[in-house]
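Chain letters run A, B, ... following the sequence lines, proteins first and then strands; every chain starts at 1. The analysis underlying the following values was restricted to heavy atoms, covering all of them including side chains, and did not include hydrogens, waters or symmetry mates.
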Amino acid sequence: MRGAGFVLVLVLLVWFGLDNRAVAQRTIIHEERSQYRDVVVTEFNNQRCMLFNVQRGDMNQTCIDLRDSRRMVFNYTRMSFAGLLLNPEPKRILVAGLGGGTIPTVMRELFPEARIDVLEVDQAVVTVAKQFFNFVEDEQLVNHVVDARVFIKRAGLRGEQYDYIVLDAFSGEYIPEHLLTREFLEEVSQILTPDGVLVANTFASSGLYDYESVTYQAVFGEFFNFKTAGSGNRIILAKKQALPSVAELNAPARQLYERLRPYGINLLEYPAQLTTRPDWDVNTRILTDQYSPANLLN
Amino acid sequence: MKKNAAKPDAVKHGVLKSGTQLASGLADSAMGRWVVLAVAFTNGFVIMSIELLGGRVMAPYFGSSVYVWGSIITVFMLSLSLGYLWGGRLSTRRPDVRLFAGFFLAAALLCLPIIFFAEPVMTRIFVAVEDPRYGSLITAGLLYFLPICVMGMVSPYSVRLLVLSQEGSGGVAGMLYFVSTLGSALGTLGTSFYFVLWFNLDQVMWGCVVALLCCGAAVMWAHQRINAVAAQNTSERGVS
């Protein structure tokens, strides 16, 4: 009995010891109290990152490179700009999920004429993004502290439309289940212009992959699936209209290549990696407002 | 004082063992007591199951932010508190087993609007109230106040039905809190871990409605069984 107790104590000591060491490598420069979870800003190796739930070893939500703020640290952030292949000149942009504000900030630089709405449910994330991640609001780029579903439903009632919508509201730890359902995607579709594009950043390797895929398929029909080796993310590119062929995407890729290069985005590589071929179980149950146990399926 | 003086001493001091004055009949038989405990358990189970589902019912209109849960928990606590108050008051005069069964029938019927009218109610409130905090609070009040209030009445009323004596009252109340809160714990766990994975929301709601109807039926069945046995005993005694 005492031996077992000793081993348990030893295991716990080693465990916490390792844990502390992993955290100690990073310097915590700020902690922001939040209604939802504490938001922590760390710096390590010239990267500044925003983290949720540090105690549970959560991964980085968003990072910036302190030496070159235009370079994007995460592959999926770069991948999300593949939406520009389907709509190269967006005028009304909606981004659900702020993070460090990288996507809206880059869109603001690329398309100074476009009007951009950002939706972030957590005021603490907005505060930290402004203070530590160079996120700046102006008359063209407005952040709304609101649940994405509520904002989009209201926008639909007002008859507002966007020609470029990015869904990036999944933090990995807890999945907002009401943002995965068929009804939600129908509401998104309602505020999407006929030639608009929906860019959804989702998971490539979780138990949800099949469920998400069939649900997007049910609402938008065929969509482009964009995965790259080594990235845990996949990007869904969907339109209300029929999709163009992959070959037709080379022209916009060439057209935008130079403008996106400073951000480390090689748009020319993207068209060949898009596919409409299902690599999921097409008989999976569709997620609806009646059935969306996303956190249990994950 | 004068009224009390007219009663027998045993009744005055609340130590009467036979159930005619203080209890209803259900407390007289082991079967009746088990039925009361079982329906109290089910009632607790259903309350928390409906509360857990409430978050999912309202998320499409008001999001899943903390204040939506704040609204739901506030309305449930308020409904239960008033239910306890009114249920307790109703029990003081003449406890009636048929009324007790009626609580379950009423609760089941009052749950039906959650299944059939939640969407139109929420659509109207969503349009009328911009702030999702108050939108969710009003919705939770409209959908959940009445059924949960009636389910709250069950608890004090079941204490009244089972208490036979003053010194036993704490034990009876403790036992009823125990089973109903245990039911609440299992209702929370079952709904959040399993039911939402196996069923649609409305299917779980229908399960709750059926469970409440079964509670009412079980109470009436036990009541009639006990009455029938009592009548038989009386007639046998009359014959001998």
Is the closest side-chain heavy-atom distance between [X] and [Y] below 4.5 Å?
X	Y	answer
B/Phe76	B/Ile72	yes
A/Lys130	A/Val126	yes
A/Arg182	A/Leu287	no

- [ ] Give me the contact list for residues 155-166 of chain A versus chain B, heavy atoms only, anything under 4.5 Å, ordered by residue number.
- [x]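 Listed by number: A/Leu157.
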Name every donor-acceptor pair, under 3.5 Å, that has one atom in a side chain of residues 124-133 of chain B and the other anywhere in the protein, sequence neighbours excluded.
{"from": "B/Asp131", "atom 1": "OD1", "to": "B/Arg133", "atom 2": "N", "distance (Å)": "2.9"}
{"from": "B/Asp131", "atom 1": "OD1", "to": "B/Arg133", "atom 2": "NE", "distance (Å)": "3.3"}
{"from": "B/Asp131", "atom 1": "OD2", "to": "B/Arg133", "atom 2": "NE", "distance (Å)": "3.3"}
{"from": "B/Asp131", "atom 1": "OD2", "to": "B/Arg133", "atom 2": "NH2", "distance (Å)": "2.9"}

TODO: Heavy-atom distances under 4.5 Å only: say whether A/Val150 touches chain B with side chain, backbone, both or neither.
DONE: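 Looking at A/Val150, backbone and side chain both touch chain B.
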TODO: Would you mind checking which part of A/Arg154 comes under 4.5 Å of any heavy atom in chain B, side chain (CB onward), backbone (N, CA, C, O), both or neither?
DONE: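 Contact with chain B involves both backbone and side-chain atoms of A/Arg154.
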- [ ] Give, as side chain, backbone, both or neither, the part of B/Trp69 having an atom under 4.5 angstrom from any heavy atom of chain A.
- [x]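 B/Trp69 has no heavy atom closer than 4.5 Å to chain A.
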Kindly list each side-chain donor-acceptor pair under 3.5 angstrom involving residues 140-152 of chain B, sequence neighbours excluded, with atom names and distances?
none

Task: Within residues 52-71 of chain B or reaching into it, pairs that qualify as salt bridge (Lys or Arg N to Asp or Glu O under 4.0 Å) - sequence neighbours excluded - done: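 Pairs touching residues 52-71 of chain B that pass the test: A/Glu177-B/Arg56.
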TODO: Run the salt-bridge test on A/Arg149 and A/Asp147 with the 4.0 Å N-O cut-off and return the result as yes or no.
DONE: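 No salt bridge links A/Arg149 with A/Asp147.
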